Amino acid sequence: MKFAIVSLVALTSFISSVPTTSPNAGSSKKNMIMMVSDGFGPASETLARAYVQQSGKYPPNFMSVIDRILVGTSRTRSADSFITDSAPGAQCFSTGTKTYNNAIGVSPDYVPLGTNMEAAHRAGYKTGLVVKSYIADATPSVFAAHAANRAMQDLISEQMAGLVPEIGRNVDLMFGGGRCTFIGNATKGSCRTDSYDLFPVMQKNGWTNIFNRSEFNALTNTPKLPLSGLFTLGNVPYAIDYPDNDVPSLVEMAKKALDILYTASKDSAKGFYIMIEGSRIDHAGHSNDAGAHIREILEYWETVAMVSEFVDAHPETAMISTSDHECGGLTLGRDNNYFLYPLTYQKQTKSHEVICTQLLAANVTARGDLVTNVIAPKYLGVANVTTKATSKILAASNTSECYMALADALAIPANLAWTSLGHTGVDVNVYAKGNCVEDVKGNMENTDIGNWITKYLEVDLAPVTEAIKKTNVFQYAFKRPNTTYVFEY
Ligand SMILES: *[C@@H]1O[C@H](CO)[C@@H](O)[C@H](O)[C@H]1NC(C)=O
Ligand SMILES: *[C@@H]1O[C@H](CO)[C@@H](O)[C@H](O)[C@H]1NC(C)=O
Ligand SMILES: *[C@@H]1O[C@H](CO)[C@@H](O)[C@H](O)[C@H]1NC(C)=O
Ligand SMILES: *[C@@H]1O[C@H](CO)[C@@H](O)[C@H](O)[C@H]1NC(C)=O
Ligand SMILES: *[C@@H]1O[C@H](CO)[C@@H](O)[C@H](O)[C@H]1NC(C)=O
Ligand SMILES: *[C@@H]1O[C@H](CO)[C@@H](O)[C@H](O)[C@H]1NC(C)=O
Ligand SMILES: [Zn+2]
């Protein structure tokens, strides 16, 4: 494990007040790096910090790379629920407006809304998306697609690839997973409902498409753009599972993307705008998998450290890091016990996702051996899992039950708890650094972040909204549930 992230800067150096400046001040060339730690709540930062502090035997005032740039908190509710999902959560960052759960770049009335990334691309910025999820998943999509529901993955992929004339192409570079929504249903591994093969059409439209580690390693800083690198059919594996998978990590993808976009915009009056997402911090919350969650966070910290160095070297750059919402309802301390043992997770070697796939595929006779001889000692890293925990794992009849059973096996000794397999509504932390970020601070609405980016980039969303208004946002007939709009915006 790499700890380039480690630093012990004293908390007090962040208490002095800073003058407020308009994001439009300063030189005209600007880069924007928006980082989204999906499903990363404040308890997750505390857990990861305690884990590193204890495993590295650092003093108790240890600061992670993001602790050092904490500037405030963000409220996360969507237009129709106190508990948001990633789609409207991230749309606040791309359009500065709230919408209903599951919406992709549309208003509550299904009107496609121009995004700051689309506006930036039209203004001459180079643009990029780097994620560990499907590239057509909610967070990346809301920057460059418009659909009534996040499940409309076929349509969203076509829009992301710039194949829908009403929108045009707005993305110069995309790295991540989710190749399956780009390949027709006649090909093995496809997850499209139709036979449309996007890659050949993209290639005809000028895209460079790469698919594996060796092609990634061979990339120079000046590949022909637009460039897509979708390295897995589904999600990019969890960091904890990297040893079994030869794929570029988040930090590798993000570093390469910065080098490429920086080089491509070097001689231009405009800079670049990239969104980098630690997508699977969220997924590990959904599977109540603290071991995988911690490793995703450490990988995210490493990415922030890399970005932070870029910002230091290129003062025309701003970076913001925040979350769309918390996930899992993680809490530290449980059952009236006053202790926390984060190092309980130190010897976990595989994600709940991998473990449960293997467990549920095994027949009932084989499971006992598997749990006692493999899962407990090798994957969870505990020789003495209680019989109560073991029987709960053995009794699991589906993935959710398996996740919760595995969670208990370590969460009880660690003395932490998950309260949900879904999202929660707590405020999340906001981190920022670089060009003009002095007024990104305090307790904010998620929409404030998107509005700040739009203002910082000096772009106007209204003309984009006007230009794309004829875009079809329905892959199939859809009507959102008639929820009462408790929080009207
Ligand atoms: C594949 O897509 C075609 C339309 O492009 C459709 O007619 C067919 O039913 C699909 N096949 C499967 C197995 O989904
Ligand atoms: C990577 O992709 C290229 C181009 O599709 C292919 O020629 C090469 O064999 C692949 N390499 C591996 C290791 O799969
Ligand atoms: C169960 O799985 C084990 C290990 O894979 C195998 O040896 C055994 O034959 C299987 N038993 C049944 C009833 O399928
Ligand atoms: C399991 O083993 C560890 C390490 O030896 C020990 O600290 C812990 O108390 C044991 N837990 C149980 C439930 O026996
Ligand atoms: C898993 O199984 C339990 C018990 O049969 C059931 O209550 C639950 O709804 C199932 N969950 C899923 C996601 O299928
Ligand atoms: C939605 O539901 C509310 C009350 O539940 C009702 O008053 C309203 O007419 C409904 N709206 C639509 C468009 O169906
Ligand atoms: Zn989620």
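None of the values given here were measured: they were computed from a predicted structure. Each ligand, and each atom within it, is numbered from 1 in the order the structure gives.
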Ring centers of F216, F231 separated by less than 6.0 Å =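 Distance test on ring centres: under 6.0 Å, yes.
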Counting backbone and side-chain atoms alike, does [X] have an N/O/S atom under 2.8 Å from the Zn ion (ligand 7)?
X    : answer
C327 : no
D282 : yes
H325 : no

Does the protein put a heavy atom less than 4.0 Å from [atom]?
atom                    : value
atom 7 (O) of ligand 1  : no
atom 2 (O) of ligand 1  : yes
atom 14 (O) of ligand 2 : yes

Taking NZ, NE, NH1 and NH2 as the nitrogens, is one of them in [X] or [Y] under 4.0 Å from a carboxylate oxygen of the other?
X    : Y    : result
E296 : K132 : yes
E302 : K255 : no
R150 : D85  : yes

Looking at ligand 1, does any of its N/O atoms fall within less than 3.5 Å of an N/O of S195?
-> yes
Y110 and F478 aromatic ring geometry - parallel, tilted or perpendicular at 30°/60° bounds |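 Aromatic pair F478/Y110 classed perpendicular.
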Starting from [atom], which protein heavy atom do you reach first, and at what distance in Å?
atom                    : value
atom 5 (O) of ligand 2  : E215 OE2, 3.8 Å
atom 10 (C) of ligand 1 : N185 ND2, 2.4 Å
atom 9 (O) of ligand 2  : N212 ND2, 4.8 Å

Just jot down the ligand 2 atoms closer than 4.0 angstrom to any heavy atom of S214, in number order.
-> 11 (N), 13 (C)
Report the residue from S74, S86, S37 that forms a side chain to side chain donor-acceptor pair (under 3.5 Å) with D324.
->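 Per the side chain to side chain donor-acceptor pair (under 3.5 Å) rule, the option paired with D324 is S86, out of S74, S86, S37.
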Of all the atoms in ligand 1, which lie at a distance below 4.0 Å from a heavy atom belonging to T193?
-> 1 (C), 2 (O), 10 (C)
Are the side chain of T208 and the backbone of K224 linked by a donor-acceptor contact shorter than 3.5 Å?
-> yes
Does the side chain of D154 come under 3.5 Å of the side chain of Y196 through a donor N or O and an acceptor N or O?
-> no
